[in-house]
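Heads up: numbering here begins at 1 and tracks the sequence. Just so it is clear, the structure is predicted and the values come from calculations on it, not from any experiment.
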Amino acid sequence: MKALHFDINKYLDQYYATSEVLVSFKGMITESKIGRLLDELELNLKKNERQLRSSILLVASEMLDNVVKYTSDKILPQVFLAIRKLDTIQIITANTITPIQVDSLRNAVYDANRLSQGKVKEKVELNQAKEKNKKLGLMDVYHKTNNPIQINFYTINDGSIFAEVIATFKI
């Protein structure tokens, strides 16, 4: 089957055209790079956003850690964006995953959004899920943002999917 062409620059342009970009990075994200990206993000927050500073930085750190851990194809670029739109700040990460990982990520985001909303029965499920699955840091992302986590998938070819995860803060 013919490989599809995914244009990462066109993907990024959609954000550049509609948002104020606080931090933008396309390339290989490493542990040392995470620190520099978080420093840049912190510097670009406005005074009225400072009360959310620690939550924003914790969410960005968790999401960047997930990119480093779960990227399937280290040759294709990884993406980190922090953008401001009117009354929100969005933290966006994107990386390649295998088709097999799509369901796992989709389920993890679904569980984080569903189980984090607070019913007593679901709190028990949440604790059980946290014990079984260490990558449920997505639930922490939900709790810090108080907004559902969004995901999008873009097909690159038969073996690679570009997975985008978006966390939104109301400011």
Original post:
Does the salt bridge (Lys or Arg N to Asp or Glu O under 4.0 Å) test come out yes or no for R114 and D111, once each step is laid out?
Top reply: CA-CA 5 Å; R114 180 179 62 91; D111 287 345; 3.6 Å; yes
**OP:** Would you indicate whether the side-chain heavy atoms of I83 and I89 approach each other to under 4.5 Å?
**Re:** no
**OP:** Kindly say whether Y142 contributes a backbone atom to a donor-acceptor pair with the side chain of T145 at under 3.5 angstrom?
**Re:** yes
Subject >> 4.5 Å side-chain heavy-atom contact, I161 and T96 >> reply: no
**OP:** Before giving the answer on side chain to side chain contact (heavy atoms under 4.5 Å, CB included), spell out for V165 and Q150 the whole-Å C-alpha distance, their side-chain angles and the decisive distance to 0.1 Å.
**Re:** CA-CA 6 Å; V165 179; Q150 301 166 40; over 6 Å; no
Subject >> For S61, all residues meeting side-chain contact (heavy atoms from CB on, under 4.5 Å), sequence neighbours excluded >> reply: L38, D65
Original post:
Which heavy-atom pair separates N113 from P148 by the least distance, and what is that distance?
Top reply: OD1-CA, 3.3 Å
**OP:** Kindly compute the distance separating CG (N152) from CD1 (I166), expressed to the nearest 0.5 Å.
**Re:** 5.0 Å
Subject >> Short N-O contact, D39 and R36, less than 4.0 angstrom >> reply: no
Subject >> Distance-minimising heavy-atom pair for P99 and S160 >> reply: CD-N, 4.4 Å
**OP:** Please report the shortest heavy-atom distance between I97 and L105, naming the atom on each side.
**Re:** CD1-CD2, 4.2 Å
Original post:
Which pair of heavy atoms, one from L45 and one from R50, lies closest together, and at what distance?
Top reply: O-NH2, 3.2 Å
**OP:** List in chain and number order the residues that pass ring pair (Phe, Tyr, Trp, His ring centres under 6.0 Å) with F162, two or more places apart in sequence or in another chain; answer none if no residue qualifies.
**Re:** F6, Y11
**OP:** Would you check, one step at a time, whether the test side chain to side chain contact (heavy atoms under 4.5 Å, CB included) holds for I151 with F153?
**Re:** CA-CA 7 Å; I151 56 171; F153 299 102; 3.6 Å; yes
Subject >> Side chain to side chain, K170 and N147, heavy atoms closer than 4.5 Å >> reply: yes
Original post:
Does the side chain of E164 come within less than 4.5 Å of T93's, by heavy atoms?
Top reply: no
Original post:
Is the shortest distance from a Lys or Arg side-chain nitrogen in R53 or E42 to a carboxylate oxygen in the other one below 4.0 Å?
Top reply: yes
**OP:** Could you pull out the closest heavy-atom pair between F80 and L64, with the gap in Å?
**Re:** CD1-CD2, 3.5 Å
Subject >> Side-chain donor-acceptor pair present, Y16, S24, cut-off under 3.5 Å >> reply: yes
Original post:
Mind checking whether I156 and M28 sit in one hydrophobic cluster, side chains of I, L, V, M, F, W, Y counted as touching below 4.5 Å?
Top reply: no
Subject >> CD on E49 to OG on S55, rounded to 0.5 Å >> reply: 13.0 Å
Subject >> Closest contact, heavy atoms only, M63 versus I91 >> reply: CE-O, 3.4 Å
Original post:
Residues in side-chain hydrogen bond (donor to acceptor under 3.5 Å, both in side chains) with S54, at least two apart?
Top reply: none
Subject >> Side-chain donor or acceptor of E40 paired with backbone N/O of V23 under 3.5 Å >> reply: no
**OP:** Could you please spell out the steps behind the side chain to side chain contact (heavy atoms under 4.5 Å, CB included) verdict for F169 and T88?
**Re:** CA-CA 5 Å; F169 288 89; T88 64; over 6 Å; no
Subject >> E62 bridged to K144 by N-O distance under 4.0 Å >> reply: no
**OP:** Run through I149, N66, V109 and flag the one making a side-chain contact (heavy atoms from CB on, under 4.5 Å) with V141.
**Re:** I149
Subject >> Minimum side-chain heavy-atom gap Q101-S72 below 4.5 Å >> reply: yes
**OP:** For residues R84 and K46, determine if any side-chain heavy atom of one lies less than 4.5 Å from a side-chain heavy atom of the other.
**Re:** yes
Subject >> D103 and R106 ion-paired at < 4.0 Å >> reply: yes
Original post:
Under a single-linkage definition using a 4.5 Å side-chain heavy-atom cutoff for Ile, Leu, Val, Met, Phe, Trp and Tyr, are L37 and V59 assigned to the same hydrophobic cluster?
Top reply: yes
**OP:** Check whether any side-chain heavy atom of L22 sits under 4.5 Å from a side-chain heavy atom of E20, and report yes or no.
**Re:** yes
**OP:** Group every Ile, Leu, Val, Met, Phe, Trp and Tyr by side-chain heavy-atom contacts under 4.5 Å, then state whether V67 and L58 land in the same group.
**Re:** no
**OP:** Would you check if N95 and V79 make a side-chain contact, meaning some heavy-atom pair closer than 4.5 Å?
**Re:** no
